Every structure is written in C-alpha cells, then in structure tokens.
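Accompanying notes for the structure given below.
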Amino acid sequence: MSEEKSLNFIEEIIEADLAAGKYQSIVTRFPPEPNGYLHMGHATSICLNFGLTKKYPGYTNLRFDDTNPVTEDTEYVDSIKEDIKWLGFEWKNELYASDYFDELYNFAITLIRKGLAYVDDSTSEEIASLKGSPTEPGTDSSYRSRSMDENLDLFERMKNGEFEDGTRTLRAKIDMAHTNMLMRDPLLYRIKHAHHHRTGDKWCIYPMYDFAHGQSDSIENITHSICTLEFIPHRELYDWLIEKLEIFPSHQYEFARRNLSYTVMSKRKLLQLVNDKHVNGWDDPRMPTISGMRRRGFTPQSIRKFCDTIGIAKRENIVDFSLLEFCLREDLNNTALRVMAVLDPVKLVITNYEDDKTEDLISENGPDEAYGTRAIPFSKELWIEREDFMEEPAKKWFRLAPGAMVRLKSAYIVRCDHFIKDENGTVIEIQCTYFPESKSGSDTSEIKVKGTIHWVSAAQAISAEVRLYDRLFKVENPSSEEGDFKDYINPDSLQIIYAFIEPSLQNATTENRYQFLRKGYFCLDKDSSSEKLVFNRTVTLKDAWAKEVKK
RNA sequence: UGGGUUAUGGUGUAAAGGCAGCACAACAGAUUUUGAUUCUGUUUGUCUAGGUUCGAAUCCUAGUAACCCAACCA
C-alpha cells in the first residue's frame with residue numbers, strides 16, 4: 001500500500017526511459033562552478049539530482065565545472081563538499097571538468113578535422129558586432145574559411161602559448177544566421193594565461209561552458225543532465241556537439257529555479273551583500289547560503305523536506321518564506337530541547353517566599369517523555385519577560401497584571417499584588433505572592449489560571465548574548481523592484497540583546513537545538529566561548545497573541 | 001520588431017477528455033502547565049475570447065501576460 005505521490009515531469013521522463021528499456025539505471029550529476037558558496041537554489045538542485053538516484057537505480061556524480069581559472073578556487077571546492085555532505089547526500093565520484101582537458105582538446109581537433117571548427121583572429125568586439133542581434137542575422141567572420149591544416153596549426157600554437165590572451169579563439173562552424181543566437185558560431189576555446197586551481201600552468205587555453213559541460217556529461221555517461229531554464233537555448237548546441245562528436249548521448253532537461261520571498265538568490269547579488277558589508281560574510285545567519293542557514297540553526301532534514309514539498313516545474317515562482325519556516329518548525333518541534341530564557345527581563349519578587357531558600361523544581365526536557373527531565377533552581381527573586389506584565393491589561397490578556405494570577409512554568413501559581421516604577425515610569429519590579437499548594441506536579445490548590453509564563457531564578461541565571469534575526473529584505477521580491485535591490489534591505493534584520501538564561505545552558509552544545517520556551521528556537525553560535533555564550537534565534541514560535549494584538 | 005519557455009486559490013504543486021486535489025498562508029473553534037504543539041472546520045483558483053465534445057484545466061483557433069537569448073561567465 002504505497003501512498004500515491006504524483007511524479008514531477010523529470011520523474012515521468014525517467015520512468016518512461018526506464019520502462020522503454022532505454023536505460024537500466026540512471027546517472028545524474030550536480031555540477032557547481034567552484035567560484036562561490038552554495039545557496040538555497042543549489043539545495044533544490046542537489047535534492048533533485050541526488051533524490052532521483054535514491055528513488056531510481058543509479059548514482060550521482062559531483063562534478064566541479066572548473067573551466068574558468070580566474071574565478072575559481074579550492075576554498076570553494078571544500079565548502080561545496082562540506083555543504084552537500086551536511087545536507088545528507090553522498091556522491092559516487094568526485095570529478096572535475098578539468099580532469100577532461102586533454103580529452104576536450106582532442107574533441108576540438110576532431111571538430112577541426114571534420115571542418116566544423118575554425119580559429120578566429122577577430123577581437124571580442126569584432127565577434128560581437130558580427131553576431132547580429134535576435135532580430136537580425138549575423139555575418140560570417142573573414143577567418144571562417146581557413147583551411148583545416150591552418151586551423152590545426154593555429155589551434156596547436158594557441159595551446160602552446162604562442163599567442164596573447166584574447167587574440168584568437170576556436171569557434172564551431174554552424175550558422176551565423178541561426179535564429180538561436182547560441183548557434184551563431186559559438187566560441188569553444190579561449191586563451192587565458194592563468195593559473196588553474198588544479199591543472200596549474202599546464203594549460204593556457206580553456207574550453208567554454210558549452211564545450212565542457214555536455215562533453216563532461218557524455219564522458220561520465222550522464223543519462224539525465226538537469227539544469228535551469230536559462231540553459232534551454234544551450235540544448236540545441238549541447239545536442240549538436242554530441243552528435244558531431246559521436247559520443248555518448250546525454251540529454252539535457254530544464255526546470256525553473258526556485259525563488260524564495262524576502263531574499264535574493266544569485267551568487268552575484270549575494271557577493272555584493274558580503275563585499276558591501278551588509279552581512280558579516282557568506283555564513284551570516286541571514287544569508288540564504290547553506291552555510292548561513294546551517295549557522296542560523298536550520299536542520300538538513302528541514303531543508304530536504306522543503307525542497308521535496310515545493311517540487312519541481314517549469315514555471316516562474318516565488319515560494320513563500322513561511323513554507324520554509326513551517327518545515328523548519330516541524331522538525332525543530334520534534335527535536336529541540338525545552339529550556340527557559342528571559343530575553344527582556346524585569347524583576348519579579350515573591351514576597352511570601354523565604355529569603356535565602358532555593359528549591360529544585362523538575363521540568364521536562366523535550367517534546368515527549370523520552371527526553372527526560374531536569375532540575376531548575378527556583379527562589380524568591382526571578383526574572384520574567386517584560387512583555388508578560390501589563391499595568392492595564394488588554395482584553396483577553398492571560399498574563400500578569402495587578403491582581404491577576406499566572407502559573408510560573410513548572411513552578412507555582414503567583415498573584416501580582418504590587419509593582420514598582422522608576423522615575424521614568426518604567427516598571428522595575430513586580431511583587432507577587434505564591435501559593436505553596438499549587439506546586440507543579442502536586443497541585444492541590446484548585447486555582448485555575450489561563451496563562452503560564454517562563455522565568456529564570458535571578459541568583460542562578462547566566463547571561464548570554466542573543467542574536468535575533470529578521471528577514472533580510474523589506475519586500476517580497478527585491479530583484480523585481482525599481483532601482484537597486486540593496487535599497488530594499490531591512491535595516492533591522494539583526495538585533496543583539498543580552499538575556500538571562502537558565503543555568504543548565506552553561507553546557508549547551510552546537511549539536512543540540514533549543515526551544516526557549518514561548519520565545520522560539522535557538523542554537524549556540526560558533527562565536528561562543530566558555531566565558532560568553534552566544535545564541536542565534538533560528539525562528540520564532542508561531543504567536544497567536546501577536547496576531548490578536550494586531551487586530 | 002526574431003526565436004524560445006511558461007500560464008491552475010495569496011504562495012508552491014497535482015489532476016495524461018470524466019468529482020479541480022494536496023501542502024503552506026489566512027480565518028474560526030476544541031484541547032493545552034509553551035497564546036507553541038495537536039485536533040476539527042471555513043474561505044479562496046483553471047490568463048482572455050471563441051470552438052470541438054454528452055463532458056475541457058487538459059484538444060483546436062485567435063489573442064494577452066511574464067520570463068529567457070546578442071559575456072573570450074557558468
């Protein structure tokens with residue numbers, strides 16, 4: 001009795017291919033260029049490609065598309081590998097387009113011998129002007145009719161380093177009047193005297209994307225090469241090269257990249273945010289990078305669930321950020337340890353509690369009994385949340401107010417008798433009496449209260465820095481707004497506060513996730529030390545009262 | 001003004017000529033020692049105009065809108 005989950009269009013293609021016996025098993029690949037950090041958009045591609053070969057027989061390669069030495073670096077290779085592993089996926093082979101440089105060079109010679117490629121001495125400006133426009137055909141380069149021998153000779157000399165950068169290129173000979181601009185004699189190789197992160201100074205000519213990607217797919221026997229919509233025009237060239245080279249026929253399929261509301265998702269824009277110091281690096285918890293989200297406290301499960309839920313299609317989209325938050329909270333609710341922390345403290349004094357007494361009260365650690373319990377110190381002076389007291393209570397107010405009663409979570413019911421203000425009118429102390437017989441777990445008081453609030457004992461509380469994050473942008477789709485996307489940055493996306501947290505948190509670890517009761521999910525930040533704890537707010541809890549207040 | 005791709009509630013995604021479904025969001029209620037969780041229910045949709053058909057989101061015709069393509073980037 002398997003639940004009937006509908007297939008996305010790529011799964012349909014794969015099932016048809018498998019059913020027709022076209023393939024016995026499939027091979028996919030995740031092909032990042034190592035020139036930046038992975039973000040949520042890559043996560044969809046990773047979940048798709050690796051997910052496919054979990055569902056169907058076959059495997060997925062990790063292939064670094066490193067054909068442009070000036071932008072690429074091993075620093076990125078390492079972070080990409082770390083991010084994929086963290087997301088919970090394993091690649092079959094770790095490969096590099098640069099592994100195929102010799103083979104690619106020979107492919108180019110094959111093309112020249114077939115009269116399908118030529119060396120062009122034109123400058124990039126000349127090439128651009130002869131290219132035509134989408135509505136006008138291009139013009140043949142005057143070098144297009146060079147003899148095969150001359151092409152072979154010049155291409156070899158290009159490889160040998162005889163020419164300066166930009167003085168010559170190798171181009172495919174297709175059709176300068178083609179309606180698809182990419183088929184107008186596309187560049188295959190360019191000269192770059194640059195150091196490559198893997199091949200060093202061995203090469204001074206490097207293949208273009210179009211002459212590397214499809215060929216690498218073919219060399220690896222990739223059956224389904226999945227990319228995003230903007231590569232649709234490339235498919236015609238992809239197929240042309242494979243056909244002329246007579247190599248393994250990989251096929252390209254395209255899906256629409258997923259966009260998330262209230263953020264941006266292009267390497268270029270993310271790089272600007274980092275360079276212009278709008279965020280503190282690629283792993284800033286506000287960034288939609290995998291490393292940023294990891295630091296923020298996202299779990300791999302929640303990201304995988306999200307990718308699975310939004311699915312795959314070919315139309316333009318902006319996914320609600322709230323769906324990501326839902327997937328996050330769903331996972332965190334099941335795993336986070338429950339603790340108490342007061343983010344905006346005000347003193348609460350229990351006037352009828354003994355002055356020097358401290359008692360240990362028992363509180364549950366997690367969402368169910370399996371997580372066990374722990375002892376929390378309770379005493380006469382506590383910190384409670386400032387927003388849990390209202391001098392003049394609103395209607396439907398369940399919390400503290402003069403004369404009102406609430407339960408202190410895992411402790412006693414208290415009644416507010418007095419409060420003290422400073423000269424500015426700010427409440428600085430709330431005085432209560434407690435009901436000893438209302439003790440949590442053995443309550444015989446028969447007092448019913450509607451509200452339960454969290455607290456920490458003032459004497460034992462420890463102080464911690466807490467970083468509260470909000471959305472990075474003020475608008476749903478910063479990229480589609482007038483002017484520069486950076487004009488729409490939310491200036492209040494980071495708020496740093498100092499909170500009182502319960503003493504057990506002294507042993508907090510980065511592996512654990514915590515729910516600060518009634519306040520949200522938090523995780524320990526890497527900036528923490530034994531003297532100073534730093535927590536990141538991953539996401540708030542849903543807040544029905546906040547909605548009520550808005551009305 | 002050429003070529004390509006796409007159009008289903010506020011959002012994302014199903015329905016391969018036969019009941020427009022699912023999830024998020026929103027709203028209402030129940031439970032609750034977290035105004036959380038959980039549970040129950042409600043609202044909202046096939047781009048437009050024609051046509052074929054017993055029957056159309058799906059097929060046909062004509063429109064409309066959005067996105068992509070003129071880097072020695074990927």
Side-chain angles (χ1 to χ4, degrees), chain A residues 5-8 12 31-33 35 65-68 70-72 97 120 122-124 127-129 131-138 165-171 178-182 184 187-192 205-206 208-210 212-213 227-236 254 256 258 261 267-268 306 309-327 329-330 333-334 338 340 363-364 367 396-399 406-411 413 438 440-441 443 449-454 476 515-520 540-548:
Chain A
K5 212 205 170 221
S6 54
L7 304 177
N8 64 47
E12 281 178 7
E33 183 187 10
N35 69 345
D65 228 335
D66 55 351
T67 58
N68 186 1
V70 302
T71 58
E72 296 151 6
D120 195 331
S122 307
T123 63
S124 64
I127 289 177
S129 72
K131 194 130 197 180
S133 77
T135 52
E136 296 158 309
D165 286 9
T167 55
R168 283 183 173 79
T169 58
L170 183 74
R171 301 178 72 179
H178 206 289
T179 52
N180 181 348
M181 297 291 291
L182 264 151
R184 320 242 262 228
L187 268 58
L188 266 24
Y189 266 93
R190 76 286 218 191
I191 301 171
K192 269 183 201 271
I205 56 170
Y206 291 93
M208 300 288 289
Y209 165 84
D210 287 298
H213 201 99
C227 60
T228 46
L229 249 31
E230 66 268 27
F231 289 94
I232 287 178
H234 294 253
R235 188 175 62 228
E236 199 169 8
E254 311 88 7
R258 262 76 260 286
S261 59
K267 270 184 198 169
R268 204 191 92 248
F306 174 71
T309 305
I310 60 179
I312 281 299
K314 297 184 85 155
R315 58 174 149 155
E316 221 191 304
N317 59 80
I318 301 183
V319 185
D320 262 357
F321 198 80
S322 59
L323 180 58
L324 215 206
E325 291 186 329
F326 167 80
C327 295
R329 289 188 183 114
E330 186 184 44
N333 181 46
N334 289 327
R338 268 58 171 176
M340 292 202 277
S363 195
E364 56 286 359
K396 292 194 190 169
W397 180 254
F398 298 167
R399 286 117 88 153
V406 293
R407 174 172 291 280
L408 297 171
K409 171 70 182 170
S410 299
I413 291 174
S438 68
S440 184
D443 185 353
V449 293
K450 295 203 82 169
T452 299
I453 64 174
H454 59 280
E476 260 197 18
Q515 186 195 103
F516 289 4
L517 237 51
R518 305 206 302 137
K519 297 311 294 181
T540 60
L541 256 29
K542 275 170 67 174
D543 190 345
W545 174 248
K547 276 182 193 167
E548 190 67 33

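Note that the structure is a prediction, hence the values are computed from the model and not measured. Proteins come first, then strands; the chains are lettered A, B, ... in the order of their sequence lines, and each starts at number 1.
Remark: the Gln515(A) side chain and the rU34(B) base include a donor-acceptor N/O pair separated by less than 3.5 Å. The base of rU34(B) lies close enough to the side chain of Arg338(A) for a donor and an acceptor atom to sit less than 3.5 Å apart. His454(A) contributes no side-chain N or O that forms a donor-acceptor pair with the base of rA36(B) under 3.5 Å. Evaluation of atom-type donor-acceptor distances gives a pair under 3.5 Å for the side chain of Ser440(A) against the base of rU33(B). Contact annotation: side chain of Arg518(A) to base of rU34(B), donor-acceptor pair absent below 3.5 Å.
rG12(B) atom P lies 17 Å from atom CG of Asn8(A), rounded to whole Å. Distance CD1 (Ile453(A)) to C1' (rA36(B)): 16 Å, rounded to an integer number of Å. In this entry the distance linking CZ of Arg268(A) with P of rA71(B) reads 16 Å, nearest Å. For Asp165(A) and rC72(B), the CG to P distance is 14 Å, given to the nearest whole Å. Here the P atom of nucleotide rA70(B) and the CE atom of Met181(A) are 7 Å apart, to the nearest Å. Nucleotide rC73(B) holds its P atom 14 Å from the CG atom of Leu182(A), rounded to whole Å. Residue His234(A) contributes atom NE2, which lies 8 Å from atom P of rA70(B) at whole-angstrom precision. The separation between Lys519(A) atom NZ and rG35(B) atom P is 10 Å, rounded to whole Å.
Each of rA74(B), rC69(B), rU34(B) was ranked by its minimum atom distance to the side chain of Glu33(A); first place goes to rA74(B). Listed candidates were rA74(B), rC73(B), rG3(B). Nearest to the side chain of Thr179(A) is rG3(B).
By the 4.0 Å N-to-carboxylate-O rule, Asp165(A) lies too far from Lys192(A) to be salt-bridged with it. Between Glu364(A) and Arg338(A) there is no salt bridge, since no side-chain N of the basic residue sits under 4.0 Å from a carboxylate O of the acidic one. Ion pairing between Arg518(A) and Asp543(A) fails under the 4.0 Å rule for side-chain N and carboxylate O.
Mapping Leu517(A) and Ser133(A) onto RNA chain B via the closest heavy atom, the residue that lands nearer the 5' end is Leu517(A). Each of Asp320(A) and Ser438(A) lies near RNA chain B, and the nucleotide nearest Asp320(A) is the one positioned closer to the 5' end.
When the P atom is used for both rC19(B) and rA56(B), the distance is 11 Å, rounded to whole Å. Only the C1' atoms considered, rG45(B) is 15 Å distant from rA23(B), to the nearest whole Å. Look at the P atom in both rU44(B) and rG9(B): the space between them is 14 Å, to the nearest Å. Distance noted for atom P between rU58(B) and rU6(B): 16 Å (whole Å). Only the P atoms considered, rU5(B) is 38 Å distant from rA26(B), to the nearest whole Å. Atom P of rU11(B) sits at a distance of 16 Å from the matching atom of rC67(B), rounded to the whole Å. rG35(B) and rA20(B) have their C1' atoms separated by 36 Å, with the value rounded to a whole Å. Atom P of rC59(B) sits at a distance of 27 Å from the matching atom of rU1(B), rounded to the whole Å.
Using a 4.0 Å heavy-atom distance criterion, Asn333(A) is classed as a sugar-phosphate-only contact. Residue contacts for Thr67(A): at a heavy-atom cut-off of 4.0 Å it reaches the sugar-phosphate backbone alone, with no base atom in range. Residue Leu187(A) is in base contact, counting any heavy-atom pair closer than 4.0 Å across all strands shown. Among the heavy atoms of the strands lying under 4.0 Å from Lys314(A) are primed sugar atoms or P, OP1, OP2 only; no base atom is included. Residue-level contact check: Ile318(A) touches the backbone only, with heavy atoms under 4.0 Å from sugar-phosphate atoms and none from bases. Residue contacts for Lys547(A): at a heavy-atom cut-off of 4.0 Å it reaches the sugar-phosphate backbone alone, with no base atom in range. Here Ile312(A) lies in heavy-atom contact (under 4.0 Å) with sugar-phosphate atoms only. Using a 4.0 Å heavy-atom distance criterion, Gly441(A) is classed as a base contact. No engagement by Tyr206(A) is indicated, since no non-hydrogen atom pair under 4.0 Å with the nucleic acid exists. Using a 4.0 Å heavy-atom cutoff across all strands shown, Thr540(A) reaches no nucleic acid atom at all. At a threshold of 4.0 angstrom between heavy atoms, the contacts of Arg329(A) with the nucleic acid are absent. At the heavy-atom level, Ser410(A) lies under 4.0 Å from base atoms of the strands shown.
With a cut-off of 3.5 Å on both pairing distances, the Watson-Crick or G-U wobble partner of rU38(B) is rA30(B). Pairing for rA74(B) is absent, with no Watson-Crick or G-U wobble pair whose two atom distances lie under 3.5 Å. Of the nucleotides present, rG10(B) is the one that pairs with rC24(B) by Watson-Crick or G-U wobble criteria, both distances under 3.5 Å. Base-pair partner of rG63(B): rC47(B) (Watson-Crick or G-U wobble, both distances under 3.5 Å). Summarising the base pairing, rG17(B) is matched to no nucleotide, lacking a Watson-Crick or G-U wobble pair whose two defining distances lie under 3.5 Å.
Side-chain polar atoms of Glu236(A) and Asn180(A) form a donor-acceptor pair below 3.5 angstrom.
When the side-chain nitrogen and oxygen atoms of Lys267(A) are compared with OP1 and OP2 of rC73(B), none of them lie within a distance under 4.0 Å. For Lys542(A), no side-chain nitrogen or oxygen approaches OP1 or OP2 of rU34(B) to under 4.0 Å. Regarding contacts with the backbone of rG35(B), every side-chain N or O of Arg407(A) stays at 4.0 angstrom or more from both OP1 and OP2.
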**Request:** For side-chain contact (heavy atoms from CB on, under 4.5 Å), just list the numbers for Trp397(A) and Trp545(A), CA-CA rounded to whole Å, side-chain angles, deciding distance to a tenth of an Å, and then say yes or no.
**Result:** CA-CA 9 Å; Trp397(A) 180 254; Trp545(A) 174 248; 3.4 Å; yes
**CA sep, side-chain torsions, deciding dist, call: Glu136(A), Ser133(A), side-chain hydrogen bond (donor to acceptor under 3.5 Å, both in side chains)** = CA-CA 5 Å; Glu136(A) 296 158 309; Ser133(A) 77; 3.0 Å; yes
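Close placement of the Phe231(A) and Tyr209(A) rings is indicated, their centers lying within 6.0 Å of each other.
Heavy atoms only, all atoms of each residue included: Ser410(A) and Ser363(A) are closest at OG-OG, 2.8 Å. The two residues Met340(A) and Leu517(A) have their closest heavy-atom pair at CG-CD2, 4.1 Å.
Stacking here means ring centres nearer than 5.5 Å and ring planes tilted less than 30 degrees, and by that measure Phe398(A) stacks onto rG35(B).
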